[in-house]
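Structure record follows, encoded as C-alpha cells.
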Number of protein chains: 2
Amino acid sequence: MTAPKTVNLKTLSQALGLSQTTVSRALNGFPEVSEKTRARVVEAAKRLNYRPSPSAASLATGKSRLIGHVVSLSEHIMINPHFADFIAGAGEVYAQSGYDILLRLAPLSEQERIYVNLAQDQRVDGVVVHGPLTGDSRIGILNGLGLPFVVHGRCDDVGEDYSWMDVNNRRAFHRATRFLIELGHRRIALVNGLEAMNFAHRRRQGYDLALEEAGIAPDPALLFSADMVEPYGYNATREMMALADPPTAIVVASVLPAIGITRALADLGLRPGEDVSIITFDDCLSFLQAGYRGGARDIPYFTSMRSSIRDAGKRVAQMLLERIDNPSASPEHELWEADFVIGQTTAPPRQG
Amino acid sequence: MTAPKTVNLKTLSQALGLSQTTVSRALNGFPEVSEKTRARVVEAAKRLNYRPSPSAASLATGKSRLIGHVVSLSEHIMINPHFADFIAGAGEVYAQSGYDILLRLAPLSEQERIYVNLAQDQRVDGVVVHGPLTGDSRIGILNGLGLPFVVHGRCDDVGEDYSWMDVNNRRAFHRATRFLIELGHRRIALVNGLEAMNFAHRRRQGYDLALEEAGIAPDPALLFSADMVEPYGYNATREMMALADPPTAIVVASVLPAIGITRALADLGLRPGEDVSIITFDDCLSFLQAGYRGGARDIPYFTSMRSSIRDAGKRVAQMLLERIDNPSASPEHELWEADFVIGQTTAPPRQG
DNA sequence: GAAAAAATCCAAAGCGCTTTGGAGAGGCAA
DNA sequence: TTGCCTCTCCAAAGCGCTTTGGATTTTTTC
C-alpha cells in the first residue's frame, strides 16, 4: 500500500532538490524561505507522508511536546475520579496544540525528585501540579528548576509567586453554610476533604467563618476530613446520626461522599432535604453529570456549589501552554467563583 | 548546591578516563566490560548525578519508553471512571519498569490514524487498546504496523490473532441471571453498557442464554444499552417501574448506574432487595470501594459480579511489557472469571 | 615461550533533526 | 561596470546516545 520506506528530512530534501536546511525552515514557517518554495515543500511533505521524528526534534531543540502530570495514589483512591475529568479537559487543549500528556504515578513523597528528574531529562516541557498542600514544597523546587508549571489550586504560605488557577472554595463554603444558617439550621456538619490539601483547608475556613458570624460554636463531632469517596460519606453520616444531638444539615465536599450520605440516610429511613439538608460541592463529574437530577425534570437533585473541574482542566492547560511559549512572563492567577444551585436537598430544619 | 552543569556521557567518560563506549556498555549491563570497571562507572555516574538523555537514547535506539493509551471521549462520559482505575493499575507496573504513559484523547474515528502516526513516529513502544468493539478494525491496523499491543477486552469476528486480557463477561452475566431465575424471578431487566462494545455484547449473550434456558422470552421493554453513568440507571428504572408489568429484578453493568437504580427506587419508596433485586457488575472502583457496604458490617451492599479493573490494568501492562521485550512471541490470551458475591440487594420476588 | 583465545576497551559512524554562519543570485543606484 | 543590498538557499556542526568493527592487553594452552 503506502511506502514502507520511512521518509526523513534527508530523503525529502533530496526528492525536492533542496537542502535539509531549507526544507526544515520551510516546514517550520521561517521567513527566509520564499512562499513558492514553501508551498512546494509542504506539498511534497504531504504527498510523501513525511513526519519529523519527535525524538530527533526533541534532541535538537530540547522540547519534547509532552506535558507532565504526576499524580499520587492516595490511601483509598487509586486515581482520583476528579482527576479523570480534569485530565479530560486538559487533554483536549493539549491535543489541539500537538502536545501529549505524560502521566506518571508516584507517591507524593517522591514527587519532588521526579520533577527534578523530568526537568533534567528534558522529558517534559511543563508540568501541572495537582493536589497542592498548604505550604507545598513542590513550588519552590519547580521555580528553582525553571520548568514551566501551573498549579491546579493554590498553596498558601509559599513565599514565592507562581501561576495557579483555583476555585474560590472559601467563599463557596461560606455561602453554603450561611445559606443553611439562614434557613434556620444550627447543627451543621462539614464532611470535608483531607484538610492537609489546601482546597479543603480553605473550605473549612469558609465554613468556620459562617458559623462564627452566626455565633455558633463549631462542634468537633460534626467535623470530618478524609478522602472524598462514597463510603466516607456513608460512615460519617451513620456516625453523626447516632449522636444525641445529630446535625440537621450537612455540607459536603464532593458528590461522591454526598451519595454515601444519601445512602446512609435512606438506611435510617430519613429523606434528604426533609429530614436532613445537604449541600455538596459539585465538580460536574461527567459520570454523574447530565443529571444527578430529580427525574425528567431539570431541577438538580443536590443543592450544590458547582464548578466544572473539566473546564478547570482546560483552563489550566491553556495557562501552561502560554507559559511554555513565554517562560519569562510573570505568573498568572485565575480565581473562579462557584455557582450556587438550589436543588431538592435543602429545606428549613424540622420543628422539634 | 548541586552541579549546575549538565553531565552527559562525554563528560562522564572523560572524568573516568574511559571511552563513551565503555561507559555506555557498563551502564547498560553489557558483558564485555569487567565488573571492576562497571562498578567504578556506576559509582561515578551516581556521584556525578548522570542521567542519560531520553531523547538521545530514543533517537539512537528507536525506543521511547512510553506506552500509548489513546482514549476516546464518549457522549456522556468525558473520561470513563473505569478507565481511571485501569490506568492506575497499569501505571504502577509501568513505573516499576521505567516506562511512562503517553495519554492522548481522541475520538474513536481518529484512532486508527493515530496508531499509524504513533508507530511511524516511534513515539511509543506499545499501546493498550481500550473499549474494543465487535469486529474492531484497530486490531488489523496494529498487527499490520508491527506495533506491540494488548487489548483490554476482546474483539470477536476479527480474523486475526492478537493479545488480549478479558473478564468472562458472558459467564458472569449468565450466572447472575440464572441466580435470579432460581430465586423465582421471571421479569428480569438488563441495564447494560453500550452493546456496540464487545464486553456489553457478551454480557447480553449471557443474559439471553440464561433466559432462554429458563424458557423466558426476553422483553425489549426491559433491555437497556447506554453509557454506564449514574443517571442512566436512574432513568431506566423510572421508566421500567412505570410499566404495567415492572421487573422484579435488575441486572446492571456497573455500580455507577446501580447507584442510579437505588436512587430511583428510593424515590418510589421501594427498597433494593426487598422490592426489587439488583445484581451489578462491580469493577471494584476505588472511589466506591473499600466498601459500598452495608455499614460497619462486612457484608457487601450489592450482590455483584466482581472483578478488579485495577488488577486488570496491572495484568494488561505486564503482558504488554513482555510483548515489547519479545515482539516475535505469539499472542497471549488471558481470561478471568468474575467473583460472584452475595450482598443485600437480592431476594426472592415479592409474592403477588 | 609462542600461539591462540579471551577479556577489555576504543574510535568513529550513525540516529534525524535544528541552527549557525555564510554563499550565490538578482536588483538597484552610482 | 562596480558596489551594495536583499532574497534565497546551503554546508556543516552539533544535540547525546548506541553500536559496529576493530585494537590492545591479558590469560590460557600446548
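In what follows, chains are A, B, ... by sequence order, proteins preceding strands, each numbered from 1.
A search for side chain to side chain donor-acceptor pair (under 3.5 Å) contacts involving A:Arg113 returns A:Glu110, not counting sequence neighbours.
The CG-P distance, from A:Leu18 to D:dA11, rounds to 10 Å in whole Å. Atom CD of A:Glu32 is separated from atom C1' of C:dT19 by 10 Å (rounded to the nearest Å). Going from atom CD of A:Gln20 over to atom P of D:dG14 covers 16 Å, rounded to whole Å. The interatomic distance linking A:Leu27 (CG) with D:dC9 (C1') rounds to 15 Å, in whole Å. We find that CD of A:Gln14 is positioned 14 Å from C1' of D:dA11, with the value rounded to whole Å. Between the NZ atom of A:Lys10 and the P atom of D:dA11 there is a distance of 12 Å, rounded to whole Å. As rounded to whole Å, 16 Å separates atom P of C:dC10 from atom CZ of B:Phe30. Whole-Å rounding puts the B:Glu35 CD to C:dA7 C1' distance at 13 Å.
When the nearest nucleotides of DNA chain D are assigned to B:Leu59 and B:Thr22 by heavy-atom distance, the more 5′-ward of the two goes with B:Leu59.
At the phosphate of D:dC9, neither OP1 nor OP2 sits under 4.0 Å from any side-chain N or O atom of A:Ser19. Residue A:Thr21 places none of its side-chain N or O atoms closer than 4.0 Å to OP1 or OP2 of C:dT19. Using a 4.0 Å cut-off, no side-chain N or O of A:Asn8 falls inside it from OP1 or OP2 of C:dC15. Put simply, B:Ser34 has a side-chain N or O that comes within less than 4.0 Å of OP1 or OP2 on C:dC9.
One finds no salt bridge joining B:Arg323 and B:Glu332 here, because no Lys/Arg side-chain nitrogen approaches an Asp/Glu carboxylate oxygen to under 4.0 Å. The pair A:Arg104-B:Asp100 counts as a salt bridge, with a side-chain nitrogen and a carboxylate oxygen less than 4.0 angstrom apart.
If you check C:dC17, C:dG21, C:dT18 against the side chain of A:Arg25, the one that comes closest is C:dG21. Across D:dT20, C:dG21, D:dT19, the shortest atom-to-atom separation from the side chain of B:Ser24 is found for D:dT19. Distances from the side chain of B:Thr37 to the nucleotides C:dT19, C:dC17, C:dC9 place C:dC9 closest.
Aromatic rings from A:His69 and A:Tyr94 are positioned such that their centres are separated by under 6.0 Å.
Checking B:Ser24 against B:Thr21 by side-chain atom types alone, no donor-acceptor pair falls below 3.5 Å. B:Ser137 and B:Glu112 share a side-chain donor-acceptor pair at under 3.5 Å.
Residues of residues 118-127 of chain A that place a heavy atom closer than 4.0 Å to DNA chain C do not occur.
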Decide yes or no on side-chain hydrogen bond (donor to acceptor under 3.5 Å, both in side chains) for B:Asp125 and B:Ser64, but give the supporting numbers first.
-> CA-CA 6 Å; B:Asp125 296 344; B:Ser64 63; 3.2 Å; yes

